[in-house]
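Here the structure comes first, spelled out in structure tokens, and everything after it is commentary.
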Protein chains: 2
Amino acid sequence: MDVLQQIRDKGLKVTPARLTIINELAGSHMAYSHSELETLFSKMDRVTLYRILKDFEDAGLVHKIVDVQGVTRYALCKHSCPDEHHADEHVHFNCNSCHKMFCLEKVHVPELKMPGGFKVMGLQTLIYGLCKNCNAA
Amino acid sequence: MDVLQQIRDKGLKVTPARLTIINELAGSHMAYSHSELETLFSKMDRVTLYRILKDFEDAGLVHKIVDVQGVTRYALCKHSCPDEHHADEHVHFNCNSCHKMFCLEKVHVPELKMPGGFKVMGLQTLIYGLCKNCNAA
DNA sequence: AATCTAAATGCAACAATGTTGCGTTTGTTT
DNA sequence: AAACAAACGCAACATTGTTGCATTTAGATT
């Protein structure tokens, strides 16, 4: 199923700006910040970009995740995220050097034993270190 | 060992503002945001507060952690954090309702199996749900 | 106790990030 | 092709965090 049809299925219109963004996100397993996308597509309006990311997130096409440094990032949801907590079902890796963030869909997170009193609804695992590129250098 | 002496030992001067902040942090196992502290101590200068938190963090008295929503928070380090990654050695719990963040020092985080290519240097586990108070209500 | 000095503070200005309102343009439906 | 709701572009604003600089103060020295 192509992204174009995915957008339409969510009741969103297919516009050049939306295609640009979703194609970029679909091209990698990385989570992009607003400012990275702004730099990448400098002719695009800041506000439009914020709204596109929000619309995609609301539609479940994209998940939002805050990185180690507090930067909000967006990545394409692979394998149809069912509910609104789709961002938390996989681990994210943050490179200390290039600051890129990668979605690691295949890493399994074991259950935690929680103290009483807390009602757990989900969790986020954020790993940091050096990515392949930066580790080689 | 009291906080006053801890501050001095790090080569920092003991000022009224610093005492105010560290006493507040010492009084709970919660991680406070800058804006929460600003509201709590409204006569304190915004910039001074930022600098106090930074100084405490650099001194290892306090650790900084970004919550689920991207809000930067600060909490007192219990049991002498040795290195600069002290924030990551325990789990943090974020309440979806009151948005408070709690340090859970006693929850054990199991190792993860990572795919090749990544050099892991640490990880953060962020659990969200309802805290005791909000769950009861 | 008065003096000294580096550290800490308060204020103004600025930068980055994110939001809202509104008039205009455009994708999609008929 | 017309119509309409959705999306866009722009201006303005809010929040969060940083920097420079003049003033004040903690704590060491005499």
Side-chain angles (χ1 to χ4, degrees), chain A residues 2-25 31-74 99 101, chain B residues 2-24 31-74 87 99 101:
Chain A
D2 67 336
V3 285
L4 202 138
Q5 194 52 45
Q6 281 190 309
I7 294 177
R8 280 218 185 82
D9 286 353
K10 300 296 183 174
L12 299 177
K13 290 182 180 173
V14 177
T15 66
R18 285 178 173 168
L19 277 179
T20 302
I21 296 304
I22 207 144
N23 281 330
E24 182 63 32
L25 296 183
Y32 290 76
S33 68
H34 178 275
S35 85
E36 284 170 356
L37 291 169
E38 212 184 342
T39 306
L40 227 43
F41 308 109
S42 51
K43 62 239 131 120
M44 196 176 301
D45 183 73
R46 266 171 27 83
V47 179
T48 298
L49 183 48
Y50 274 116
R51 289 200 266 231
I52 286 175
L53 292 170
K54 172 138 205 335
D55 292 340
F56 282 174
E57 196 204 352
D58 291 347
L61 294 174
V62 152
H63 62 266
K64 175 157 86 171
I65 180 82
V66 175
D67 76 11
V68 175
Q69 312 191 27
V71 177
T72 300
R73 294 179 170 277
Y74 302 85
H99 302 298
M101 182 186 251
Chain B
D2 67 336
V3 286
L4 204 137
Q5 194 52 46
Q6 281 190 309
I7 295 178
R8 279 216 187 82
D9 287 352
K10 300 296 184 175
L12 299 177
K13 290 181 179 173
V14 177
T15 66
R18 284 177 173 170
L19 277 179
T20 302
I21 297 304
I22 206 142
N23 281 331
E24 181 64 33
Y32 290 76
S33 69
H34 178 275
S35 85
E36 282 171 357
L37 292 169
E38 212 184 342
T39 306
L40 226 44
F41 308 109
S42 51
K43 61 233 131 127
M44 195 175 302
D45 183 73
R46 268 171 26 83
V47 178
T48 298
L49 183 47
Y50 275 116
R51 289 199 265 230
I52 286 175
L53 292 170
K54 171 138 206 333
D55 291 341
F56 282 175
E57 196 204 350
D58 291 347
L61 294 174
V62 151
H63 63 266
K64 176 156 84 169
I65 179 83
V66 176
D67 77 10
V68 175
Q69 311 190 28
V71 177
T72 299
R73 294 179 170 277
Y74 303 84
H99 302 298
M101 183 187 249

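To find a chain, count down the sequence lines: A is the first, B the second, and so on, and within it residues start at 1. Here the structure is a predicted model, which means the values were calculated and not measured.
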Among [options], the one nearest [X] by side-chain distance:
| X | options | value |
| --- | --- | --- |
| A:His34 | C:dG18, D:dC10, C:dA7 | C:dG18 |
| A:Thr15 | D:dC10, C:dG27, D:dG17 | C:dG27 |
| B:Val47 | C:dG27, D:dC10, D:dT18 | D:dT18 |
| B:Arg51 | C:dA7, C:dG18, C:dG10 | C:dG10 |
| A:Ser35 | D:dC10, C:dT17, D:dG17 | C:dT17 |

[X] side chain N/O closer than 4.0 Å to the phosphate oxygens (OP1, OP2) of [N]?
| X | N | answer |
| --- | --- | --- |
| A:Arg46 | D:dG9 | no |
| B:Arg8 | D:dG27 | yes |
| A:Thr48 | D:dG9 | yes |
| A:Thr72 | C:dT17 | no |

Trace of the side-chain contact (heavy atoms from CB on, under 4.5 Å) decision for B:Tyr32 with B:Met101: CA-CA 7 Å; B:Tyr32 290 76; B:Met101 183 187 249; over 6 Å; no

Mapping B:Val14 and A:Gly11 to their closest nucleotides on DNA chain D, which lands nearer the 5' end? A:Gly11

With DNA chain D as reference, determine whether B:Glu38 or A:Asp45 sits nearer its 5' end, using the nearest nucleotide of each. A:Asp45

Which part of the nucleic acid, if any, lies within contact of A:Arg18, taking any heavy atom under 4.0 Å across all strands shown: a base, the sugar-phosphate backbone alone, or nothing? sugar-phosphate

Nearest whole angstrom, please: distance from the [atom2] of [N] to the [atom1] of [X].
| X | N | atom1 | atom2 | result |
| --- | --- | --- | --- | --- |
| B:Met44 | D:dG17 | CE | P | 16 Å |
| A:Tyr50 | D:dA7 | OH | C1' | 18 Å |
| B:Phe41 | C:dG10 | CZ | C1' | 19 Å |

Are A:Tyr50 and A:His34 an aromatic pair by the rule of ring centers under 6.0 Å?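 Yes: the rings meet the under 6.0 Å criterion.
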
Side-chain ion pair, A:Asp55 and A:Arg18, N-O less than 4.0 Å: yes

Residue closer to the 5' end of DNA chain C, A:Val71 versus B:Ala17 (nearest nucleotide):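 Its nucleotide being nearer the 5' end, the pick is B:Ala17.
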
Using only atom types and a distance under 3.5 Å, with no angle test, would you say the side chain of B:Lys10 pairs donor to acceptor with the backbone of B:Ala59?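 Judged by distance alone, yes, a pair lies under 3.5 Å.
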
I'd like to check B:Ile21 versus B:Leu49 (side-chain heavy atoms, cut-off strictly below 4.5 Å). Are they in contact? yes

